[in-house]
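Everything on this sheet refers to the single structure shown next.
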2 protein chains.
Amino acid sequence: MPFHPACHSYEPVTIADRLFLDLRRAILEGELPAGKKISEPELASVYGVSRGSLREAISKLENCNLVTRRPNIGARIVSFSTDQLMEIYQIREAMEGMAARLAAKNMTEAELAHLKSLVARHKDSMSHTERLNKTDYSQDADLDFHFCIIQGSKNQRLLTMLCQDLYDLVRFYRMRLSPAFSSTAMQEHELIVQALERGDGEMAELLMRYHVRASRDRAKQRLESMSPEELGNYH
Amino acid sequence: MPFHPACHSYEPVTIADRLFLDLRRAILEGELPAGKKISEPELASVYGVSRGSLREAISKLENCNLVTRRPNIGARIVSFSTDQLMEIYQIREAMEGMAARLAAKNMTEAELAHLKSLVARHKDSMSHTERLNKTDYSQDADLDFHFCIIQGSKNQRLLTMLCQDLYDLVRFYRMRLSPAFSSTAMQEHELIVQALERGDGEMAELLMRYHVRASRDRAKQRLESMSPEELGNYH
DNA sequence: AGAGAGGAGATTGTCGACAATTTTATTTCA
DNA sequence: TGAAATAAAATTGTCGACAATCTCCTCTCT
């Protein structure tokens with residue numbers, strides 16, 4: 001069973017594992033600011049563990065691309081960069097497009113039903129804005145949708161690469177931008193589901209690629225409308 | 001500067017780095033057999049280093065997907081599996097297709113010239129089969145071609161993900177199959193270069209995807225023609 | 001005053017020893 | 001005889017101490 005911290009269930013058995021999850025959460029939620037240098041002695045004493053265990057946790061964070069490390073110098077939390085975010089969207093376009101194509105062929109009935117219920121629930125929660133506000137909605141709903149399809153592709157390596165190497169970065173950026181809430185995105189989701197129902201892999205890929213491209217454009221627009229102070233917090 | 005062991009130059013500064021490169025080579029060349037369990041005390045004494053340094057090196061190997069680790073149980077060299085190889089080709093089709101599309105727009109003149117010289121040299125060496133045999137030719141030529149285009153995409157994250165997370169696995173399998181030598185593949189390379197010269201990203205992506213799919217089919221055919229004993233060596 | 005050399009302090013890399021867990025071998029009982 | 005329980009051995013996880021390297025401050029010289 002591969003190492004899937006991002007994939008909804010992961011029982012930490014060792015100290016380094018628990019530490020990894022704690023630090024990961026701290027980074028994603030902004031508790032540890034972007035670009036900050038990690039002091040091994042300091043963090044180790046804060047969390048009450050040895051430097052060895054901490055170093056192993058940092059190594060895991062490096063795998064998720066949440067920190068970068070340089071020999072004899074140290075580790076830094078990844079820093080916010082518009083260009084890097086755009087790069088990530090390009091990769092998602094390619095990989096998730098392929099995932100959608102494969103999912104159209106390989107998804108089980110149960111998985112498809114679950115995906116449909118997801119989309120229906122999102123649609124429902126959107127019309128009840130008095131109970132669930134936009135932030136609540138898009139906190140994880142969008143990622144759940146994408147995760148479902150990746151899982152449905154039945155390509156284990158694709159799942160691992162996306163969840164392990166890319167999605168934590170996606171979360172990192174998403175936490176630092178306004179939530180990507182848009183009824184347009186939800187309509188795109190519905191179209192994708194319809195293509196998956198028909199088993200039309202070609203169309204599912206095209207629609208997914210369009211969706212990721214459109215999301216990238218929306219993110220870019222949002223970035224450009226943000227004030228320099230807002231952005232400055234993360235540089 | 002990101003961590004790019006696979007990308008042609010990487011100066012090991014620390015003991016764990018040197019060890020990582022040694023072990024990586026040993027795995028790729030089959031010195032350490034596929035599927036074998038790694039004994040930390042044994043390997044540490046063989047290489048004359050402490051277990052701590054070895055563990056850090058193993059952690060790096062895990063990033064490259066050359067070993068898998070389970071808590072309290074240990075690390076194993078990745079094992080040979082036809083299904084997994086097919087999965088990798090699907091991912092390469094998506095990612096390298098995107099790389100070709102981007103390279104058509106972003107490649108510099110110098111990079112394009114270098115790519116053309118690469119293809120010309122390959123073509124030349126193919127006609128002099130008395131001096132360079134097939135194994136010599138395809139040892140790294142094909143990977144050089146693909147690496148060039150990925151680099152030309154100017155998407156740093158794409159480069160990292162392919163070189164760090166996928167290409168070592170590609171090498172792992174390539175070493176264990178007959179060399180992927182085919183004049184058809186070389187013709188496909190030429191067509192891709194022509195599309196890149198024209199700056200036709202759409203066509204470059206289509207041709208690259210076709211090329212990767214075709215390479216996958218060729219690999220599959222080769223696998224099915226191999227005797228069970230040959231395959232058995234790597235299970 | 002500014003640039004460069006030198007040294008004190010702090011940080012990262014490396015190591016061996018101990019603790020916790022797993023694996024293997026042995027014994028015991030139905 | 002075979003399966004479950006138990007004990008012994010081996011392996012992995014964790015820790016603190018020491019060595020190597022980097023960083024920053026101070027001092028010197030032009």
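In what follows, every chain begins at residue 1, and chains take the letters A, B, ... in the order their sequences are listed.
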Could you tell me whether A/R25 and A/D22 make a salt bridge, using a distance below 4.0 angstrom between a side-chain N and a carboxylate O?
no

Is B/R209 salt-bridged to B/E96, going by a charged N under 4.0 Å from an acidic O?
no

A/E87/B/K154 ion pair, N-O < 4.0 Å:
no

Between B/R174 and B/D142, is there a salt bridge with N-O shorter than 4.0 Å?
no

Is it true that the NZ or CZ of B/R176 lies under 6.0 Å from the centre of B/F172's six-membered ring and within 45 degrees of the ring axis?
yes

Protein proximity profile, nucleotides 11-23 of chain D - base contact B, sugar-phosphate-only contact S, no contact -, cut-off 4.0 Å on heavy atoms
SBBBB-----SSS

